[in-house]
2 protein chains.
Amino acid sequence: MMRDTCDETFELADFLPYLLNQAAEASGQEFQTIYKGRYGMLRTEWRVLFHLGIYGRMTAKEIGERAVIHKTKVSRAVQKLAARRFITRERHAADRRFEYLDLTTAGRAAYRDLHEVARQYDARLTSQFSDEETALLRSMLKRLAGGR
Amino acid sequence: MMRDTCDETFELADFLPYLLNQAAEASGQEFQTIYKGRYGMLRTEWRVLFHLGIYGRMTAKEIGERAVIHKTKVSRAVQKLAARRFITRERHAADRRFEYLDLTTAGRAAYRDLHEVARQYDARLTSQFSDEETALLRSMLKRLAGGR
DNA sequence: AGCTAACAGTTGAATTTGTAACTAACAAGG
DNA sequence: CCTTGTTAGTTACAAATTCAACTGTTAGCT
């Protein structure tokens, strides 16, 4: 019977991992319906697409490391993107374990389209906050995400 | 060829839904290993447990609405929690469609344990920020989560 | 009462994910 | 060369999630 002082105030809705999850799901919902409806993509797939669109030619492993996605998920996303002709796969000659991925013309078009959607969507989401608030939010989220 | 001024600066790592997801996954990881390892629970299960622990007797539907979880997910979580004797289920006499859920003694013990873990974990996560920053973060996340 | 619509919750089949074991390719030491 | 170990990526199987159809129950209208 001593320290229930701050105990009482700890609600589920204040638990950071819970809150982050709710915010992530709510904010991702609308974007999901776009990439899903427009290109039939799954989350991992647009992420792979974006990585190639932004950083250029890259292996599956690099993508997995940057985005913290398990290699089996990346592998399956790559297979689906390749089957739909959004990316090409090319074995590295010197070390045939590596496979370099690249966007096709169709892949680049899809990327540009979704990139623009994402940009506008992000702008809309952050428009409810001041620039300082938004900047702080992003930096805090990066810190929270970074601790892996 | 006109407005690529702010286009170039829009990176994947700045896209809010992406960032939120990364932060949510990273921050939830450690807590997951606890409720999973200690009680063999899934995410929906501890959420149901917490809702009952915090708000008391409640139906599956109410939980689903508060936490924005699909009813099939809640239904299965309730089944598992009831099978493990963490909760009891009782049909409402006046309207037999409703089923009221309650924590058992074991359920309340598990809730208290996990609640304390969550409290400490939250405190540790937010200790890297100032109180003002943390408060702002939570309020922004709530706004982002609220728009459903 | 009898019909229809709505509602709480469940179930089953199809997708998606997670885990672990696997293949193929290379590297380093003997 | 020939182990032994490591790495990139795949596959198989189990677990979890989604979606749609379902049961049982109540409400409202006629």
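In what follows, chains carry the letters A, B, and so on, assigned in the order in which the sequence lines appear, proteins first and then strands, with residues in each chain numbered from 1.
- For A/R76 against C/dG18, a side-chain-to-base donor-acceptor contact under 3.5 Å is present.
- With respect to B/E62 and B/R66, no salt bridge is recorded, no charged nitrogen being found less than 4.0 Å from a carboxylate O.
- Look at NZ on B/K36: it is 10 Å from C1' on D/dA16, rounded to the nearest Å.
- Using a 4.0 Å cut-off, some side-chain N or O of B/Q79 falls inside it from OP1 or OP2 of C/dT11.
- Taking 3.5 Å as the limit, the base of D/dT25 and the side chain of B/R96 contain no donor-acceptor pair of atoms between them.
- Checking B/R97 against A/T44, the closest nucleotide of DNA chain C that is more toward the 5' end is the one next to B/R97.
- Taking only side-chain nitrogens and oxygens, B/K73 comes nearer than 4.0 Å to OP1 or OP2 of D/dT18.
- Here the two rings, on A/W46 and A/Y39, have centers that are 6.0 Å apart or farther.
- The interatomic distance linking B/E65 (CD) with C/dA8 (P) rounds to 7 Å, in whole Å.
- Here A/T72 lies in heavy-atom contact (under 4.0 Å) with a base.
- Nucleic acid contact class of B/A77 (heavy atoms, under 4.0 Å, all strands): none.
- Residue A/H70 contributes atom NE2, which lies 13 Å from atom P of D/dA8 at whole-angstrom precision.
- Along DNA chain D, the nucleotide nearest to B/A94 and the one nearest to A/F98 differ in position, and the one closer to the 5' end is contacted by A/F98.
- Rounded to whole Å, the distance from CZ on A/R91 to P on C/dT23 is 16 Å.
- In this structure, B/T104 and B/R85 approach most closely via the heavy-atom pair OG1-O, 2.7 Å.
- Looking at heavy-atom distances under 4.0 Å, A/K71 makes contact with a base.
- In this structure, the CE atom of A/M58 is 12 Å from the P atom of D/dG9, given to the nearest Å.
- The pair A/E90-A/R57 meets the salt-bridge criterion, since a charged nitrogen lies less than 4.0 angstrom from a carboxylate oxygen.
- The residue A/R89 sits close only to the backbone: its heavy atoms come under 4.0 Å of sugar-phosphate atoms, none of a base.
- When the P atom of D/dT7 is taken as reference, atom NZ of A/K61 falls 7 Å away, rounded to whole Å.
- Inspection of the B/Y55 and A/E11 side chains reveals an N or O donor paired with an N or O acceptor under 3.5 Å.
- For the pair A/D95 CG and C/dA25 P, the computed distance is 10 Å after rounding to whole Å.
- The distance from atom CD of B/Q32 to atom P of C/dT17 is 15 Å, rounded to the nearest whole Å.
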